[in-house]
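Before any comments, here is the structure.
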Amino acid sequence: MAYITINKNNFFNNLDIIAKQTKSVDKIALVLKDNAYGHGLLEMAKLAKEYGITKAVVRTNEEAKSIDNFFEYILVLSDIPKQKSKKVRYTINGLNSIDKFPVGTKVELKVDTGMHRNGVAISELKEAFLKIKKANLELEAVFTHHRNADELTSEWFWQNDNFKFVKEESISLSKEFGFKNFRFHSSNSASLFRCNNFYEDMARVGIAAYGCLKLPNSLNQANLKPVLSLYASKISSKELKAGQRVGYGGNYQVSEDSIASNYNFGYGDGFLRVCSNNYKTPQDIKLIGRVSMDNSSFLSGDDELLVFNDAREVAIFAQTISYEVLTSLKADIKREIV
Ligand SMILES: *Cc1c(COP(=O)(O)O)cnc(C)c1O
């Protein structure tokens with residue numbers, strides 16, 4: 001099987017840059033959902049702790065449990081616990097989930113400021129506070145999520161304005177309902193790097209930490225470095241004669257006599273099949289024929305193949321985003337920290 005390397009220096013370089021932007025390591029909440037964007041949940045949790053990160057964000061209770069020892073604060077984006085926890089905070093994604101949380105659960109209220117996916121509507125804020133009070137939950141934060149912070153439209157500003165209004169409303173409602181002070185956060189990676197002067201209580205940072213943030217060209221590009229590389233080993237080599245066709249469907253024909261090899265990774269490991277016939281590695285080695293389940297052919301005789309060291313490059317070939325390239329990588333691929 002293929003293997004993944006995690007570049008610790010690059011990860012720490014990215015965290016240095018992010019901490020400059022948030023102005024404090026303590027304001028970084030590292031997003032570790034979906035197996036830490038395919039990097040490996042435990043591997044990345046360990047490294048983050050070593051760096052001094054104290055906060056993490058995950059999707060499920062299960063993920064939260066497995067990294068409980070590494071952080072002081074964990075935010076679960078989409079799950080409801082059986083019992084309350086000291087460390088773990090749970091997201092309220094809608095009014096009708098509020099009475100499902102155990103009494104005393106620490107919760108954070110997600111507000112829909114324009115994405116129209118999860119979160120209570122701005123018009124429902126008061127009802128949400130009322131229900132949280134009635135359900136005896138500990139409200140610790142109010143937050144929102146941007147729908148296109150990574151694109152140059154006015155929408156980022158529009159959502160910021162909406163969230164500003166949410167903050168003012170929340171502060172006055174918190175007085176009315178006798179809540180303690182709580183925190184506000186709205187930034188993902190792209191949003192954080194668009195802030196000239198970050199002032200919120202925390203930023204939820206995923207893709208920037210993994211070094212694959214993609215900002216519009218006109219914005220200041222941070223010197224982030226990709227953390228994950230995928231390597232594969234050769235299974236066998238072949239001399240192909242001009243005109244021979246390779247792989248399922250035989251839909252790649254070599255134009256001249258060539259050496260081709262088959263490497264031990266495929267779509268079964270999470271490498272996207274749309275890369276068939278068109279992908280080129282960072283060393284300009286061409287993928288030929290269709291990606292199979294357990295193997296893929298390249299125009300190379302090398303024993304080891306660097307498949308990619310920047311998921312954004314694969315994303316271009318696959319017409320998708322680096323997030324999908326990374327999270328597709330199966331959890332059972334060996335991950336090694338280098
Ligand atoms: C995934 C996620 C993030 C992280 O987004 P990046 O673009 O990877 O920084 C932040 N907040 C929420 C609510 C998310 O679901």
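One is the number of the first residue; the rest follow in order along the sequence. For ligands, and for the atoms within them, numbers begin at 1 and follow the listed sequence.
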Proximity winner for atom 10 (C) of ligand 1, if only heavy atoms of M115, R117, R204, H146 are counted: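 Of the listed residues, R204 has the closest heavy atom.
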Test of proximity, [X] against ligand 1: N or O pairs below 3.5 Å:
{"X": "V31", "answer": "no"}
{"X": "K110", "answer": "no"}
{"X": "V205", "answer": "no"}

Residue, atom name and distance, where the atom is the protein heavy atom closest to atom 1 (C) of ligand 1: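 Minimum-distance protein heavy atom for atom 1 (C) of ligand 1 reads K33 NZ, 1.5 Å.
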Distance filter under 4.0 Å to L77 heavy atoms, resulting ligand 1 atoms: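 Heavy-atom distances to L77 below 4.0 Å select 13 (C), 14 (C), 15 (O).
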Atom indices of ligand 1, in the order listed, that fall short of 4.0 Å to a heavy atom of S189: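 With S189 as reference, the close atoms of ligand 1 come out as 6 (P), 9 (O).
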Cation-aromatic face contact K133/F179, 6.0 Å, 45 degrees: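 Yes.
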Residues that T320 engages under side chain to side chain contact (heavy atoms under 4.5 Å, CB included), provided they are two or more places apart: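 In terms of side chain to side chain contact (heavy atoms under 4.5 Å, CB included), with neighbours along the sequence ignored, T320 is linked to L272, A315, A318, E324, V325.
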Steps toward salt bridge (Lys or Arg N to Asp or Glu O under 4.0 Å) verdict (K126, E169): CA-CA 9 Å; K126 185 161 183 171; E169 283 288 293; over 6 Å; no
Whether Q159 side chain and R147 backbone form a donor-acceptor pair below 3.5 Å: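 Looks like yes, one N/O pair under 3.5 Å.
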Atom pair NZ/CG of K131 and L109 - distance to nearest 0.5 Å: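 If we round to the nearest 0.5 Å, K131:NZ and L109:CG are 12.0 Å apart.
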Check: F308 ring centre within less than 6.0 Å of Y279 ring centre: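 Ring centres of Y279 and F308 not closer than 6.0 Å.
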